[in-house]
Amino acid sequence: METILHYAWLIAVIPLTASALIAMFARYLGEKNAWKVGSGLMLITFLLTVGSLIAVIQHPHEAGGPNFYTHPAWHIHFNWANFGPYEIQMGLQIDNLTALLLPMISLVSFAVQVYSSEYLHGDKRVPRFYSAINLFTMGMLMLVMADNLFLLLISWEIMGLCSYLLIGHWYEQEWPRMGQIKAFLTTRVGDVGMMVGIFIIFFAARDLTWHGLAEKIPELVHDPATAALLALGAFLLFTGAMGKSAQFPLHTWLPDAMAGPTPGSAIIHAATMVAAGVYLVGRAFMVYGNVPAWVLAVIAFVGAFTSLFAATIATLRWDIKEVLAYSTISQLGYMIMAIGLGGWTAGNFHLLTHAFFKAMLFLTAGSVIHAHHHNQLLHKMGGLRKKIPVTFFAWMVGYLALAGFPGFSGFFSKDELLLAAATWHNDAVHGWVAMLPYYMALATAFLTAYYMTRATWLAFFGKPRDQHLYDHAHESPRAMTIPLIILAIPAALIGWFGTPVFYHYFHADWMMFIPEFLHLPGIEHTAEFSTELAVTITATVVGLSGIFLGWLLYAVVKPETRAKWIAAGKPIYTLVRNKYYVDEFYDLVAIRSTQLISRAISWFDGAVVDGMVNLVGVVGIAVANASAWFDANVVDTLVTMWADIARWFASSFRRLSTGYVQQYMLTFVVVIVASVLLFQVIR
Amino acid sequence: MTTDLLMSGQFWTFIILAVVTLISTYRMVSVPLITHAALFMALSFTAVAGIFLLLQAEFVAAIQVLVYAGAITTMVIFAIMLSGIGDIKAERKSKVKVWHSNPFVVVVGAVFAAFMLYLYSTANLPKEAAGQNMAKVADIGMSLFTTYVIPFEVASILLLIAMVGAIILTAKEAES
Amino acid sequence: MQLPIYYPLGLAALLFGLGLWGALTRTNAVRILMFVEIMLNGVNLNLVTFSRYYWQSSPEMAAKAPILTLFIMTVAAAEASVGLAIILAMVKNRGVIDVDKVNLLKG
Amino acid sequence: MLSLIVFVPLVFALIMLFVPKTQEKVLYWLAGIGTLIPFVLSLVLAAQWNTANASTEVYAKGMQFVEHLTWIPAIGVNYTIGVDGFGFTMIMLSALLFPLAVLASYKYINTRVKDYLILLLILATGTNGVFVSLDFMVFYVFWEIVLLPMYFLIGIWGGPRREYAAIKFFLYTLIGSVVMLVGAIYLYVTTGVGSFNLLQMAAETSKLPIDGLTTFAFFALVVGFAVKVPMFPFHTWLPDAHVEAPTPISMLLAGILLKLGSYAMVRISHPLLPQVAEKYAWVLFVFGVVGILYAALAAMAQKDFKKQVAYSSVNHMGFFVMALAAASVLGPKDPAMAQVALQGGYFVTIAHGLISPLFFFAVGMFYERTHTRDLGKLGGMFLTVPVAAFMTAFIAFANLGLPGLAGFIGEFVALTGSYPAFGLWVLVAGAGLVITAAWHLLTMRNVLLGEAKKEYAGLHDVTWKEKLIFAPMAVLIVLFGVYPKPILNVLQGSVEVLSKVMELGGK
Amino acid sequence: MPGAINWTTAVHPNYVFIMPQLIITATLLLVMIVDFYVKEKRNLVWVTLAGVVVSLFSVFFAATDEDIKLGMTIGEPREFFGGMLVADGFTFFLQAVLLGIAALVILLSVDYVEKFLRGAYLEYYQVLLSATLGMMFMVSSRDIVTIYIGLELSSIGSYILAGMLRKDPKSNEAALKYFLNGTIASAVLLFGVSILYGVSGQTSLEGIAAALSGTGVVAAAGDALVPLIVTGIIFVAGGFAFKVAAVPMHLWAPDAYEGAPTPVTGFFSVGPKGAAFGAVLRVFLVGLGVAPFTERWTLIWAVLATASMFVGNLTALMQTNIKRMMAYSSIAQAGYMLVGVVATGTEPAAGTSAVIFYVLAYALTNLGIFAILTHLDQEGGWVSISDFKGLVNRNPAYAWAMLLFLVSLIGIPPTVGFMGKLFLFQAAAKSGYLWLALVMAVNSVISVGYYYGVVKAMFLETSDKPTLKPSFGISTTVIVSVIGVVGVTLASNWFVQMASNAAAMLK
């Protein structure tokens with residue numbers, strides 16, 4: 001398998017080729033064949049990635065443990081450009097983390113493409129969709145393979161572009177058009193911070209490659225000033241992650257991103273792109289791990305807060321995709337938090353599991369919507385489990401994984417994550433504050449279980465609330481269900497590769513595969529087994545009680561009673577229901593004020609700057625004249641003032657020339673006599 | 001001013017001539033008839049010629065009488081007669097604009113003269129330089145035809161062109 | 001000379017000033033011309049005075065003032081003839097000799 | 001060779017004088033050939049480009065393809081031309097854009113074709129001349145040659161308010177250039193170097209003490225150039241000029257004319273007076289950064305598509321100004337980063353020279369079809385003219401600085417270099433980036449997306465001519481976005497030299 | 001007392017040197033004789049032109065004469081004819097320029113004389129020649145007597161020329177105003193001369209200079225005499241300021257220019273003005289360039305220069321009659337040239353060469369403009385700016401030539417006007433009058449305001465008037481001017497060399 005790594009660069013090239021092919025031959029391929037090219041090539045990519053993973057697993061690690069961070073299993077690079085005297089290396093690398101993520105990305109992409117062949121049946125712009133998806137996959141693959149921050153940024157933005165394109169897939173409608181702009185701009189805000197972060201890191205280290213940074217940063221932080229600077233850079237870098245991974249306060253774009261086709265959302269806004277932020281923080285851990293601790297603390301709290309915040313919102317969503325969207329924000333918050341807590345492995349592990357089950361959940365939701373005649377609203381569903389059994393099965397796998405039901409993948413990764421929270425230790429945070437993330441994470445776990453149960457019950461159980469829709473509901477075609485199954489398998493099982501608690505009892509090596517494979521020496525602290533066990537039990541209890549509460553409220557309690565309770569907690573309900581008014585706040589503060597300023601500046605530019613410049617250049621006189629000649633309508637007060645002054649002078653000069661010759665002579669003589677007198681005075 | 005000076009004929013001659021000059025010049029301004037003005041001009045020129053004589057510049061005095069008192073005055077009178085403007089009796093003074101009016105000009109003229117006088121008096125001019133080589137006509141002639149031969153010739157062209165100009169500007173149309 | 005230099009110089013300045021006054025106040029073009037001649041006379045007087053008082057050290061220098069005066073007179077005569085011709089042309093053409101009435105050109 | 005590049009268009013212009021004006025095809029052919037010859041020649045030069053061949057003469061140290069003829073030795077003016085990285089990239093850009101502009105004019109300009117093409121060719125001579133001049137006077141002559149053709153090209157073939165726009169352009173640049181001339185002459189006189197050769201002058205002027213007059217001279221030069229760049233707040237002529245100019249002229253205006261200013265800054269004002277540049281770098285920085293943000297906001301509020309694009313020029317050139325200011329600050333402190341800043345700033349201008357003309361071209365495509373540039377009236381173009389809309393979207397993304405396209409590299413490197421000089425103030429420029437992105441997206445939403453409009457049904461999609469113009473530029477935009485090394489390498493040597501000058505000047 | 005003057009030392013003639021003047025004089029007389037014998041009076045043009053051209057050649061011939069060259073190479077100007085004439089580069093340069101002006105004016109007025117001056121070729125050319133002769137004497141002497149006589153000869157010629165349109169009241173009026181103002185001015189000038197003579201006893205300039213630097217009366221009176229001398233200098237300056245039409249002694253100029261026949265206006269704007277500048281330079285540098293006085297007259301000229309530039313340019317903005325506008329323009333141009341005169345205070349060589357080069361530049365440019373004006377005048381009479389409407393359609397060659405001339409007047413390269421301004425800038429900067437250079441720069445821009453009106457009318461407006469058929473005399477003048485405007489720029493080294501040689505000898 002070693003040799004397969006020689007062709008690892010194909011992993012990025014093949015999807016790009018697919019994208020280009022589909023774009024170029026769009027008209028020729030049409031709706032019928034575009035998916036074949038895309039998914040076919042993606043399958044090859046998937047096989048390659050799997051091969052690479054195996055190769056990496058077999059790769060003899062450096063002595064003293066998995067030192068993959070500085071010595072990737074595979075690395076190619078070349079001198080891409082010179083920034084001044086600095087050579088910028090451009091290259092691809094595969095190390096353990098990358099190797100683990102690559103198959104996930106390509107598999108999800110493959111599944112999504114197969115799924116879309118049916119889902120987008122009859123759509124006008126299928127080739128465009130496939131081209132974008134393949135381009136996107138390329139971006140994501142390149143992002144995880146990038147050996148430097150610069151290439152990462154480029155991939156990052158390519159994905160942003162694809163996200164923009166896919167959200168706006170149905171650009172005739174208003175929602176997608178606004179959603180795509182919102183997504184692009186919100187992430188752009190983060191990106192600017194991230195770019196400045198990169199500048200700072202480059203300024204401090206004069207290097208952007210991962211291995212270079214890993215070597216230089218630990219030495220650089222010896223100087224407190226540089227360390228503080230790097231901390232700032234690291235924080236700004238994190239703002240990029242906040243934008244991409246939809247962390248509070250840059251989270252608002254993700255729900256609106258659901259305006260695009262569901263399969264696209266599945267891969268971009270659930271599985272991969274949004275996780276890029278998490279990946280970035282993880283990948284740049286050589287920075288975060290070395291700079292002053294407050295940065296990681298901030299990251300942890302941002303993550304924790306986001307996860308809880310989004311989870312509360314998700315409890316009151318009625319659109320099935322929106323529930324999933326807020327759930328995604330919440331789960332991303334989890335991962336961010338985990339890495340901020342130092343739970344590097346846990347965060348990346350959750351990234352992996354979440355990618356599978358959330359992608360699958362989205363596809364399932366798409367299937368539900370497809371089956372339900374494009375109805376996305378939960379309160380019109382109900383009892384669908386009989387009509388669409390395969391979909392229901394897949395949903396249940398995803399639901400249980402997300403809710404943290406023991407045995408499913410999400411349970412194990414969440415467990416790891418909670419453990420990291422429970423044993424958090426940070427120099428910048430002390431006392432009860434240090435325990436906050438843990439309790440917030442538990443609350444999130446509880447809410448997650450609750451809202452997922454709510455959604456599941458409303459959609460699949462109980463009585464149909466809209467009989468007409470229910471009657472016409474039908475199971476999706478095989479092209480849609482098979483991908484669900486494909487994804488259901490890892491979604492259910494992958495968690496077993498990282499089960500320290502079970503390992504304690506069973507001692508099967510594969511149970512510790514992921515923690516071992518992704519182990520970062522010197523960063524994570526090992527916990528006592530008793531703590532691990534306690535956390536596992538707590539998590540299980542919390543998850544189950546969440547499920548129970550959901551079941552209680554929606555299966556047992558009558559809707560009227562629920563309404564009464566809601567009325568009782570009206571203010572809170574309204575607040576949460578309106579997503580804490582963050583959108584409205586932005587609309588007021590960011591968007592409207594920007595528009596206002598921009599209009600003001602536009603006016604200012606025409607009226608004042610134009611005038612000021614003319615004022616500064618005395619010669620604006622002539623401009624004024626010019627404008628008087630051609631354009632009496634230019635309201636340019638300052639300029640006209642100058643023009644008036646000039647004209648006044650000019651006409652008074654002109655008035656000197658009266659035509660009376662004696663007056664000319666007199667002027668002549670007077671001037672001479674006057675100057676003679678003057679020269680007596682000034683000598 | 002010494003009594004010596006007051007006793008000298010030179011002084012009184014000068015004063016008389018100066019008074020004649022100034023009065024006749026003033027009359028040039030004030031007489032209504034332009035022909036009279038022309039005659040006063042001739043008188044003024046002649047008086048100045050006297051001063052030239054007093055200053056021992058006989059040649060200049062002679063030319064002054066010939067050219068100014070003679071030629072130019074005659075020409076002016078001829079012109080007046082030719083154009084028939086001599087009939088115009090009362091000629092108004094310039095009434096263009098206030099600042100252009102008589103008093104202002106008087107001030108200008110007066111200021112000029114007064115100021116020049118002031119300048120001369122403060123300039124600490126020496127009394128008289130040494131040497132008494134009065135320019136004789138022969139010297140002048142010598143200079144004129146040696147050193148100043150070029151200006152002299154140019155002056156002749158000047159006169160020629162003045163003649164041509166006078167003709168072209170006033171001659172009747174030859175044809176049509 | 002016993003006569004202080006200020007006397008003839010003063011007379012020259014007064015002549016010049018009177019000439020100015022006349023030239024600027026009288027509107028008859030011919031009369032203006034005459035006053036210009038008066039001014040030139042003032043200049044001549046100046047020259048001769050200076051020459052008489054200061055520059056008698058050599059015949060060459062002594063001759064300079066009379067010669068310059070001679071040229072001035074010549075030029076004055078030529079100017080007068082051209083000027084009178086111009087005035088006559090104008091009188092013929094427009095029937096005015098008053099310079100105040102001559103202001104077609106202005107502004 | 002360089003002389004040929006400069007003067008071949010002029011020769012063709014003279015030839016065209018004798019072609020009857022009814023022979024429009026012949027005229028177009030002649031103009032096409034007259035602009036293509038410099039293009040081919042510039043490719044030949046590109047093949048010969050080699051830093052090792054640089055001249056070692058004192059009047060052209062480090063320059064390549066130097067030509068040196070005496071012109072007015074009495075006052076030390078010589079016809080010295082040559083290029084380094086700064087000039088060479090610009091020559092290439094100009095050589096590329098002029099044939100495309102001629103092509104874009106074909107069938108677009110229908111009145112007084114002969115005059116138009118002749119003026120265009122004279123313009124080419126002027127701009128090319130500016131980019132190769134190593135003597136201030138030669139530079140100034142070419143600089144001013146540019147002025148009049150441009151005035152007429154806007155004033156005769158422009159939009160409804162063309163006269164106003166043309167004279168505004170003319171006066172602004174003229175004011176700038178006369179002031180600049182005074183500044184340069186002061187330097188020439190005060191150093192007593194006796195030569196207008198820029199390199200020889202720089203050797204002396206960079207040692208001048210920073211007093212009132214040197215400061216005056218510096219700002220006289222900078223303002224003269226800033227008007228062309230155009231740097232905030234001297235930019236107000238630009239939107240007017242662009243809005244009124246015909247499309248090919250807008251392309252040239254954005255692609256080349258603005259570069260005259262940026263080129264002149266790196267060639268003249270900053271090498272000549274690095275010490276003053278360092279002291280007053282904050283002024284340039286403030287203007288640059290404010291310009292970035294300000295122009296972005298101003299663009300956002302425009303209702304005229306073309307005006308928006310014009311403001312985006314101000315925005316992008318702001319990056320150049322900012323980077324230049326950064327470089328002059330960093331020169332004495334951190335020359336390596338100064339090089340980064342310079343390289344980035346100059347790359348911005350090159351990228352802008354590729355992107356902006358194409359953007360104007362895209363706007364022109366819509367205008368030609370719909371006869372409106374009103375953002376409120378356009379819409380649904382993706383459904384009406386998909387290819388044209390795709391082109392526009394491509395350009396818009398390039399313009400807003402999407403990675404992988406040329407615009408991004410410049411901005412990224414420029415900001416990388418600027419950060420060490422000005423710290424987090426570069427975030428203001430970053431805000432400009434966001435707002436730039438915002439209005440691009442909003443404009444795309446208005447113009448390209450949405451339901452197809454009835455009144456625009458049946459518009460024909462892009463023609464071959466348009467594809468022919470779009471393709472080479474787009475290819476270059478992608479190429480330099482993915483692999484900027486060729487340009488960066490060409491710039492490298494010049495950047496090193498300039499940073500060294502700044503290093504010495506600042507000390 | 002015969003024998004007091006040594007004939008041989010006093011006169012020391014060289015007829016090679018006076019040959020140009022002699023030839024002109026001879027032509028002046030020859031024309032009269034030829035007039036008797038030719039039927040077609042138009043042929044007198046050839047005689048006159050031949051005379052001027054031969055005279056022009058004889059200038060070059062004189063400049064290369066062994067005897068004179070000997071003097072020129074050792075840097076000491078040689079005096080002939082009793083010191084009344086001086087053989088130096090300055091003389092030759094200006095004489096050549098003045099003869100060139102005469103030749104061009106002769107050419108451009110061929111048809112005009114036929115049409116408006118009743119075919120009075122003899123008188124017209126005779127007077128023109130005599131005025132030229134006077135100007136030639138003005139610039140070739142170091143003695144106030146000759147300068148004065150030359151000045152008067154040119155003035156009287158000018159009065160006559162201005163009044164040549166006998167039947168035209170405006171022409172009468174122009175002549176009258178010019179005459180009356182001119183006589184007053186010469187009286188004032190002479191009053192100043194008389195004071196200078198009084199304190200020095202000399203009419204030769206070096207004699208005056210020697211006296212002013214402290215001998216004779218000046219030594220006797222000491223500092224108390226300074227105010228009197230300054231007053232004399234002011235009178236002299238006033239007289240010359242009238243001749244060059246510097247503000248505030250400019251008021252006659254617009255009226256005289258407007259009323260005079262158009263070719264004559266062209267002649268006025270360059271000929272007497274150029275000669276007067278020659279005389280100004282000579283008188284002030286050679287005669288009055290003595291320590292305590294230099295700064296005084298520098299100040300006077302600086303004030304006059306500033307006033308001339310501003311008043312000339314601003315008032316020109318308000319004009320609708322193009323001849324009047326050109327009058328104000330020429331006032332402004334005089335202001336520019338005065339900047340050079342100011343510069344001579346501390347930098348005699350630079351200032352002088354700048355001024356005389358500018359005289360050449362201005363003459364070439366303005367005569368071209370007046371050739372076209374004359375043509376338009378012949379077609380329509382009253383020349384207002386609106387007569388220029390659509391000139392590009394009526395006669396494209398004229399329109400483009402006119403554009404070139406206007407550009408030259410503004411001072412935009414590549415025209416001779418720019419070179420002229422450049423030298424003026426340089427001189428001003430060298431002598432520490434940077435602010436004057438700036439005023440000049442600002443004024444160049446203001447001047448665009450009114451020149452632009454003409455350009456706009458020519459190119460941006462249309463007219464239904466018939467096409468203009470070029471005529472021989474005018475076309476030749478325009479061609480010569482165009483060649484001059486561009487050619488002198490390109491070959492400026494030769495001219496600059498000449499000018500600076502000339503300036504170096506002026507002492």
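Chain identifiers are assigned alphabetically (A, B, ...) following the order of the sequence lines, protein sequences preceding nucleic acid strands; residue numbering begins at 1 within each chain.
For Phe382(D), the parts lying near chain A are the backbone and the side chain together; criterion is any non-hydrogen pair under 4.5 Å. Neither the backbone nor the side chain of Ile88(A) comes within contact range of chain D; no heavy atom of the residue lies under 4.5 Å from a heavy atom of that chain. Of the two parts of Leu400(D), the backbone and the side chain both hold a non-hydrogen atom closer than 4.5 Å to a non-hydrogen atom of chain A. In this structure, chain A has a heavy atom under 4.5 Å from the side chain of Phe397(D), while its backbone stays farther away. For Arg125(A), the part lying under 4.5 angstrom from a heavy atom of chain D is the side chain only. For Val189(A), the parts sitting under 4.5 Å from any heavy atom of chain D are the backbone and the side chain alike. Of the atoms belonging to Asn79(A), heavy atoms from both backbone and side chain fall under 4.5 Å from chain D.
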Check step by step if side chain to side chain contact (heavy atoms under 4.5 Å, CB included) holds for Phe184(A) and Leu402(D). CA-CA 11 Å; Phe184(A) 198 94; Leu402(D) 191 78; 4.1 Å; yes
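Contacts between residues 163-170 of chain A and chain D, counted as heavy-atom pairs separated by less than 4.5 Å, involve Tyr164(A). Residues of residues 418-427 of chain D lying under 4.5 angstrom from chain A, judged on non-hydrogen atoms, are Tyr419(D), Pro420(D), Leu424(D), Val426(D), Leu427(D) in numerical order.
No other option in Lys485(D), Gln302(D), Met444(D) has as many heavy-atom pairs under 4.5 Å with chain A as Lys485(D). Looking only at heavy-atom pairs under 4.5 Å with chain A, the residue among Val223(D), Ile435(D), Leu293(D), Leu383(D) that has the most is Leu383(D). Highest contact tally toward chain A, considering only Lys307(D), His440(D), Gln339(D), is held by Gln339(D) [criterion: heavy-atom pairs under 4.5 Å]. Among Gln180(A), Met178(A), Glu157(A), Gln173(A), the residue with the largest count of heavy-atom pairs under 4.5 Å with chain D is Glu157(A). When each of Ile198(A), Leu232(A), Ile200(A) is scored by its heavy-atom pairs under 4.5 Å with chain D, the top score falls to Ile200(A).
The CG atom of Leu433(D) lies 10.0 Å from the CG atom of Asp191(A); values are rounded to the nearest 0.5 Å. Distance check, rounded to the nearest 0.5 Å: CZ of Phe202(A) to OG1 of Thr416(D) gives 6.5 Å. Note that the CG atom of Asn82(A) and the CG atom of Leu491(D) stand 11.0 Å from one another [nearest 0.5 Å]. Note that the CZ atom of Arg177(A) and the CG atom of Asn446(D) stand 8.0 Å from one another [nearest 0.5 Å]. The structure places CZ of Phe412(D) at 6.0 Å from CZ of Phe83(A), a figure rounded to the nearest 0.5 Å. Between atom OG1 of residue Thr436(D) and atom CG of residue Leu185(A) there is a gap of 10.5 Å, rounded to the nearest 0.5 Å.
Remark: Phe390(D) CZ is loosely packed, at most 12 non-hydrogen atoms of other residues, nucleotides or ligands lying under 6.0 Å away.
Side-chain atoms of Phe203(A) and Asp334(D), non-hydrogen and from C-beta on, do get closer than 4.5 Å to each other. Between Ile409(D) and Phe150(A) there is a side-chain heavy-atom pair separated by less than 4.5 Å.
A donor-acceptor pair under 3.5 Å links the side-chain atoms of Gln343(D) to the main chain of Gly84(A), judged by distance alone. The closest donor-acceptor contact from the side chain of Glu172(A) to the backbone of Leu449(D) lies at 3.5 Å or more, if one exists at all. Formation of a donor-acceptor pair under 3.5 Å by the Trp80(A) side chain with backbone atoms of Val482(D) is found in this model.
The nearest pair of heavy atoms linking Arg206(A) to Ala336(D) is NH1-CB, 4.3 Å.
Judged as a side-chain contact (heavy atoms from CB on, under 4.5 Å), and not counting sequence neighbours, the contacts of Leu442(D) are Ile181(A), Met300(D), Arg445(D). When the side-chain contact (heavy atoms from CB on, under 4.5 Å) test is applied to Asp207(A), the partners found at least two apart in sequence or on another chain are Thr209(A), Lys216(A).
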